[in-house]
Amino acid sequence: RVDRDPADAGVRFGLGIILARAGRHEEAIAEFQRSRAAPGLRAAALYHAGLSFEAVGAHHLAEQTYRAALQALEEDDRFNLNAVRYRLGRVAESVEDREAAAAYYNEIAVDDYAYRDVAERLRRLD
């Protein structure tokens with residue numbers, strides 16, 4: 001489908017998902033980056049690119065990408081804001097930035113203390 005319509009961001013995003021699931025993260029990143037220009041896909045494409053950056057160990061690129069995803073989200077989109085903040089916290093933990101990790105987890109805890117394992121992560125960071 002990408003060959004038929006290479007400008008279709010939705011098709012590119014779907015291909016990125018398939019590539020990421022297959023463990024082909026570097027190829028997936030390229031597809032997510034191509035699809036992020038579409039207004040309705042920007043936040044999701046950035047989030048998934050961040051996941052793939054994490055998978056290949058590019059933590060600083062993942063952080064930058066997740067920060068861009070936060071900016072692309074609406075303030076009332078609590079579910080996705082928390083998902084991106086969680087990933088930012090995990091990236092901060094990966095690079096041993098305990099202060100940043102705690103800050104991201106605290107932002108989530110204020111909104112949803114029961115979100116995933118945030119409470120446990122905060123206890124371990126204290």
Side-chain angles (χ1 to χ4, degrees):
R1 292 179 58 194
V2 171
D3 290 338
R4 284 190 306 228
D5 191 2
D8 186 328
V11 172
R12 290 223 171 257
F13 179 78
L15 177 58
I17 296 289
I18 291 166
L19 291 167
R21 285 185 183 150
R24 295 167 56 182
H25 292 286
E26 291 181 0
E27 294 170 82
I29 290 165
E31 294 304 329
F32 294 134
Q33 288 175 330
R34 289 180 184 119
S35 64
R36 70 182 172 206
L41 291 176
R42 181 167 178 73
L46 289 165
Y47 175 77
H48 285 282
L51 291 174
S52 286
F53 277 127
E54 273 191 88
V56 298
H59 300 293
H60 293 291
L61 290 171
E63 177 186 9
Q64 290 175 347
T65 304
Y66 289 139
R67 286 179 188 259
L70 274 181
Q71 292 176 345
L73 289 166
E74 299 293 326
E75 286 186 40
D76 63 345
D77 188 352
R78 294 177 36 222
F79 177 81
N80 287 315
L81 286 169
N82 286 341
V84 174
R85 287 180 181 132
Y86 183 81
R87 294 312 322 160
L88 280 162
R90 294 298 305 268
V91 167
E93 283 188 89
S94 295
V95 298
E96 298 180 11
D97 187 346
R98 296 171 60 87
E99 187 176 316
Y104 288 119
Y105 295 145
N106 276 318
E107 287 181 37
I108 296 167
V110 166
D111 179 60
D112 183 358
Y113 190 71
Y115 186 85
R116 299 183 74 167
D117 60 349
V118 166
E120 176 62 28
R121 289 186 177 281
L122 282 169
R123 278 192 289 280
R124 281 191 275 148
L125 289 170
D126 266 345

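Here the structure is a predicted model, which is why all the values come from computation and not from measurement.
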Quiz item: Taking atom CD of Glu74 as the centre, does the number of heavy atoms from other residues, nucleotides or ligands within less than 6.0 Å exceed 12?
Solution: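 No, CD of Glu74 has 12 or fewer neighbouring heavy atoms, counting only those of other groups under 6.0 Å.
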Pairwise distance [atom1]([X]) to [atom2]([Y]) - rounded to 0.5 angstrom:
X     : Y      : atom1 : atom2 : value
Leu19 : Leu15  : CG    : CG    : 4.5 Å
Ile29 : Glu31  : CD1   : CD    : 11.5 Å
Arg78 : Ile108 : CZ    : CD1   : 12.0 Å
Arg90 : Leu51  : CZ    : CG    : 11.0 Å
Thr65 : Phe53  : OG1   : CZ    : 4.5 Å
Leu81 : Asp111 : CG    : CG    : 8.5 Å

Which residues share a side-chain hydrogen bond (donor to acceptor under 3.5 Å, both in side chains) with [X], sequence neighbours left out:
X      : answer
Arg21  : none
Glu107 : Arg85
Arg116 : none
Asp77  : Asn80

Which atom names give the shortest non-hydrogen contact between [X] and [Y], and what distance separates them?
X      : Y      : value
Leu41  : Ser35  : CB-O, 3.8 Å
Ala83  : Tyr115 : CA-OH, 3.2 Å
Gly89  : Ala101 : O-CB, 3.6 Å
Glu63  : Leu88  : O-CD2, 3.7 Å
Leu122 : Ala102 : CD2-O, 3.8 Å

Quiz item: Hey, are Asp112 and Asn82 close enough side-chain-wise for a donor-acceptor pair under 3.5 Å?
Solution: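 The criterion, which ignores hydrogens and geometry beyond distance, is not satisfied for Asp112 and Asn82.
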Exercise. Could you tell me which residues satisfy side-chain contact (heavy atoms from CB on, under 4.5 Å) with Ala69, sequence neighbours excluded, listed by chain and number?
Key: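 Scan of Ala69 (side-chain contact (heavy atoms from CB on, under 4.5 Å), adjacent residues dropped) gives Leu46, Val84.
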Quiz prompt | Option among Arg121, Arg98, His59 that satisfies the side-chain hydrogen bond (donor to acceptor under 3.5 Å, both in side chains) test with Glu93 | solution =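 Only match with Glu93 under side-chain hydrogen bond (donor to acceptor under 3.5 Å, both in side chains): Arg121.
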Quiz prompt | Listed once per pair and sorted, the side chain to side chain donor-acceptor pair (under 3.5 Å) pairs that draw on residues 47-56, sequence neighbours left out | solution =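 Qualifying pairs: His25-Ser52, Glu54-Tyr66, Glu54-Arg87.
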Quiz item: Where the side chain of Asp8 meets the backbone of Val11, is there a donor-acceptor pair that is under 3.5 Å apart?
Solution: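 Judged by distance alone, yes, a pair lies under 3.5 Å.
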Quiz item: For the side chain of Tyr86 and the backbone of Tyr104, is there at least one donor-acceptor N/O pair under 3.5 Å apart?
Solution: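 No.
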